[in-house]
**Student:** 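The structure under discussion is supplied below as structure tokens; questions concerning it will follow.
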Amino acid sequence: MMPKHCFLGFLISFFLIGVAGTQPAHESLKPQRVQFQSRNFHNILQWQPGRALTGNSSVYFVQYKIYGQRQWKNKEDCWGTQELFCDLTSETSDIQEPYYGRVRAASAGSYSDWSMTPRFTPWWETKIDPPVMNITQVNGSLLVILHAPNLPHRYQKEKNISIEDYYELVYRVFIINNSLEKEQKVYEGAHRVVEIEALPPHSSYCVVAEIYQPMLDRRSQRSEERCVEIP
């Protein structure tokens with residue numbers, strides 16, 4: 001018969017081996033890199049599969065809450081989804097509030113722990129797209145018309161507001177002389193209609209614009225170049 005202390009040691013070893021054997025598999029299901037990606041207040045929760053998951057063998061469950069709340073809320077459209085993202089724009093529409101999101105995975109009857117995002121505040125973290133730009137030639141001058149990026153549909157429909165209601169926006173317009181390969185900033189300010197005058201005839205120019213947010217000291221990417229020939 002096995003001595004009592006040896007039997008106890010065997011049980012402890014068996015338990016530890018069991019934990020060591022199952023814990024890595026359990027942890028390997030856990031979603032990775034769970035974070036919000038936000039552009040113009042379109043707030044998308046994104047994640048990567050756990051180390052053990054490949055293909056479409058798993059499903060995911062998404063919850064969210066405002067910072068300070070105890071109760072998590074289920075996102076019904078992303079409850080049992082096979083996607084690696086979830087649109088939480090409507091659930092995070094109060095842009096001054098800080099939010100959390102979290103995701104868990106299930107595969108073959110096993111569930112991972114929850115993976116939670118860092119704290120996310122839309123007003124602070126959303127990235128602003130470059131302005132939409134239209135150009136018209138008027139008597140040897142260029143009339144540049146700028147439009148701020150569009151907000152999600154519900155903002156426009158329910159609140160009738162634009163992104164300029166949330167931030168001070170400064171528009172910067174640059175002109176590129178193609179023959180000299182030289183760029184010059186021709187405007188910086190809040191106006192969305194900019195006239196570029198006194199351009200010599202028989203010349204070629206490209207125009208590009210960006211948005212600067214002074215309060216956040218942040219600028220957008222540049223718009224696509226719009227090129228014109230001056231007759």
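This one's a predicted model, so the numbers in the text were calculated from it and none came from an experiment.
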**Student:** Which heavy atom of D129 sits nearest a heavy atom of R39, and at what distance?
**Tutor:** OD1-NH2, 2.5 Å

**Student:** With no hydrogens and no angle check, just 3.5 Å: does a side-chain donor-acceptor pair link R33 and Q48?
**Tutor:**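 There is no such pair (donor and acceptor under 3.5 Å, judged by atom type) between the side chains of R33 and Q48.
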
**Student:** Determine, step by step, whether H147 and N134 satisfy the side chain to side chain contact (heavy atoms under 4.5 Å, CB included) criterion, reporting the C-alpha distance in whole Å, the side-chain angles of both residues, the deciding distance to 0.1 Å, and the verdict.
**Tutor:** CA-CA 9 Å; H147 301 276; N134 294 315; 3.6 Å; yes

**Student:** Output yes when R104 and D113 qualify as a salt bridge under the 4.0 Å nitrogen-oxygen rule, no when they do not.
**Tutor:** no

**Student:** I'd like to know if V170 and M215 are part of one continuous hydrophobic network [Ile/Leu/Val/Met/Phe/Trp/Tyr, side-chain heavy atoms within less than 4.5 Å].
**Tutor:** no

**Student:** Please give me the minimum heavy-atom distance between N74 and Q63, naming the atom from each residue.
**Tutor:**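 Between these two residues, the closest heavy atoms are OD1-NE2, 2.7 Å.
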
**Student:** In terms of heavy-atom contacts, does CD of Q221 have more than 12 from other residues, nucleotides or ligands at under 6.0 Å?
**Tutor:** no

**Student:** Within the 4.5 Å heavy-atom criterion, are Q137 and V228 side-chain neighbours or not?
**Tutor:** yes

**Student:** Show, in sequence, the C-alpha distance, side-chain angles and deciding distance for E91 and K73, and conclude whether the salt bridge (Lys or Arg N to Asp or Glu O under 4.0 Å) test is met.
**Tutor:** CA-CA 10 Å; E91 290 74 17; K73 297 178 182 178; over 6 Å; no

**Student:** Show, in sequence, the C-alpha distance, side-chain angles and deciding distance for N43 and T92, and conclude whether the side-chain hydrogen bond (donor to acceptor under 3.5 Å, both in side chains) test is met.
**Tutor:** CA-CA 7 Å; N43 305 324; T92 54; 2.8 Å; yes

**Student:** Once you round to the nearest 0.5 Å, how far does CD of Q46 lie from CD of E83?
**Tutor:** 11.5 Å

**Student:** Only one of F120, W124, Y99, Y64 forms a ring pair (Phe, Tyr, Trp, His ring centres under 6.0 Å) with F36, so which one is it?
**Tutor:**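 Of the listed residues F120, W124, Y99, Y64, the ring pair (Phe, Tyr, Trp, His ring centres under 6.0 Å) partner of F36 is F120.
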
**Student:** Would you name the heavy atoms of E168 and P214 that are closest together and state the gap between them?
**Tutor:** O-CD, 3.3 Å

**Student:** For the side chain of Q69 and the backbone of K65, is there at least one donor-acceptor N/O pair under 3.5 Å apart?
**Tutor:**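 No: the side chain of Q69 does not pair with the backbone of K65.
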
**Student:** State whether a side-chain donor-acceptor pair under 3.5 Å links T126 with S38.
**Tutor:**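 Short answer, yes.
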
**Student:** Let me check something: do V194 and I145 share a hydrophobic cluster, defined by ILVMFWY side-chain heavy atoms less than 4.5 Å apart, either directly or through other members?
**Tutor:**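 No, V194 does not connect to I145 through the hydrophobic network.
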
**Student:** Are Y111 and W114 co-members of a hydrophobic cluster defined by side-chain heavy atoms under 4.5 Å apart?
**Tutor:** yes

**Student:** Which pairs pass ring pair (Phe, Tyr, Trp, His ring centres under 6.0 Å) with one or both residues in residues 192-219, sequence neighbours excluded?
**Tutor:** none

**Student:** Centres of the Y166 and W123 rings: under 6.0 Å?
**Tutor:**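 Centroid distance Y166-W123: not below 6.0 Å, so no.
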
**Student:** Would you say the side chain of C86 lies within less than 4.5 Å of the side chain of L88, judging by non-hydrogen atoms?
**Tutor:**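 Yes, their side chains come closer than 4.5 Å.
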
**Student:** What distance do L143 atom CG and I135 atom CD1 have between them, rounded to the nearest 0.5 Å?
**Tutor:**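 These two atoms lie 9.5 Å from each other.
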
**Student:** Under 30°, 30 to 60°, or over 60°: which ring-plane class applies to F41 and Y167, parallel, tilted or perpendicular?
**Tutor:** parallel

**Student:** Can you measure from NZ (K127) to CD (Q213) and round to the nearest 0.5 angstrom?
**Tutor:** 11.0 Å

**Student:** Kindly indicate whether a cation-pi arrangement holds for R119 with Y67, taking the cut-offs as under 6.0 Å to the six-membered ring centre and within 45° of the axis.
**Tutor:** yes

**Student:** Flag yes if L216 and I211 sit in one hydrophobic cluster, no otherwise; membership is Ile, Leu, Val, Met, Phe, Trp, Tyr, and two members link when side-chain heavy atoms are under 4.5 Å apart.
**Tutor:** yes

**Student:** Does any non-hydrogen side-chain atom of I176 lie less than 4.5 Å from one of K182?
**Tutor:**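 With C-beta onward as the side chain, the pair stays apart.
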
**Student:** Counting C-beta onward and ignoring hydrogens, is there a side-chain heavy-atom pair between P149 and I128 closer than 4.5 Å?
**Tutor:** yes

**Student:** For W72, which residues count as a ring-ring contact (aromatic ring centres under 6.0 Å, His included) partner, sequence neighbours excluded?
**Tutor:** none

**Student:** Looking at every heavy atom in both P131 and S223, which two are closest together, and how far apart are they?
**Tutor:** O-CB, 3.6 Å

**Student:** Does any non-hydrogen side-chain atom of E188 lie less than 4.5 Å from one of Y171?
**Tutor:** no

**Student:** From T117 OG1 over to Q35 CD, what is the distance, rounded to the nearest 0.5 angstrom?
**Tutor:**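 Reported value, rounded in 0.5 Å steps: 9.0 Å.
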
**Student:** Should L84 and P49 count as side-chain neighbours, where that means a heavy-atom distance under 4.5 Å?
**Tutor:**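 Counting from C-beta outward, L84 and P49 do come under 4.5 Å.
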
**Student:** Honestly curious: do V208 and Y187 fall in one hydrophobic cluster under the side-chain, below-4.5 Å linking rule?
**Tutor:** no

**Student:** Any side-chain heavy atom of I163 sitting closer than 4.5 Å to one from N40?
**Tutor:** yes

**Student:** Drop me the distance from Y60's OH to S107's OG, to the nearest 0.5 angstrom.
**Tutor:**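 Reported to 0.5 Å precision, the distance equals 8.5 Å.
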
**Student:** Report yes or no: is the cationic atom of R222 (NZ for Lys, CZ for Arg) closer than 6.0 Å to the six-membered ring centre of F174, at no more than 45° off its axis?
**Tutor:**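 Output yes; distance and angle both within limits.
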
**Student:** Got a sec: does the CD of E195 have more than 12 other heavy atoms crowding it under 6.0 Å?
**Tutor:** yes

**Student:** Between the side chains of N139 and S141, does any donor sit under 3.5 Å from an acceptor?
**Tutor:**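 No - no donor-acceptor pair under 3.5 Å links their side chains.
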
**Student:** What distance do S58 atom OG and L29 atom CG have between them, rounded to the nearest 0.5 Å?
**Tutor:** 8.0 Å

**Student:** I need the minimum non-hydrogen distance between F61 and G80, along with the two atoms involved.
**Tutor:**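 Shortest heavy-atom contact: CD2-N, 3.4 Å.
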
**Student:** Is the shortest side-chain heavy-atom distance between V186 and V144 below 4.5 Å?
**Tutor:** no

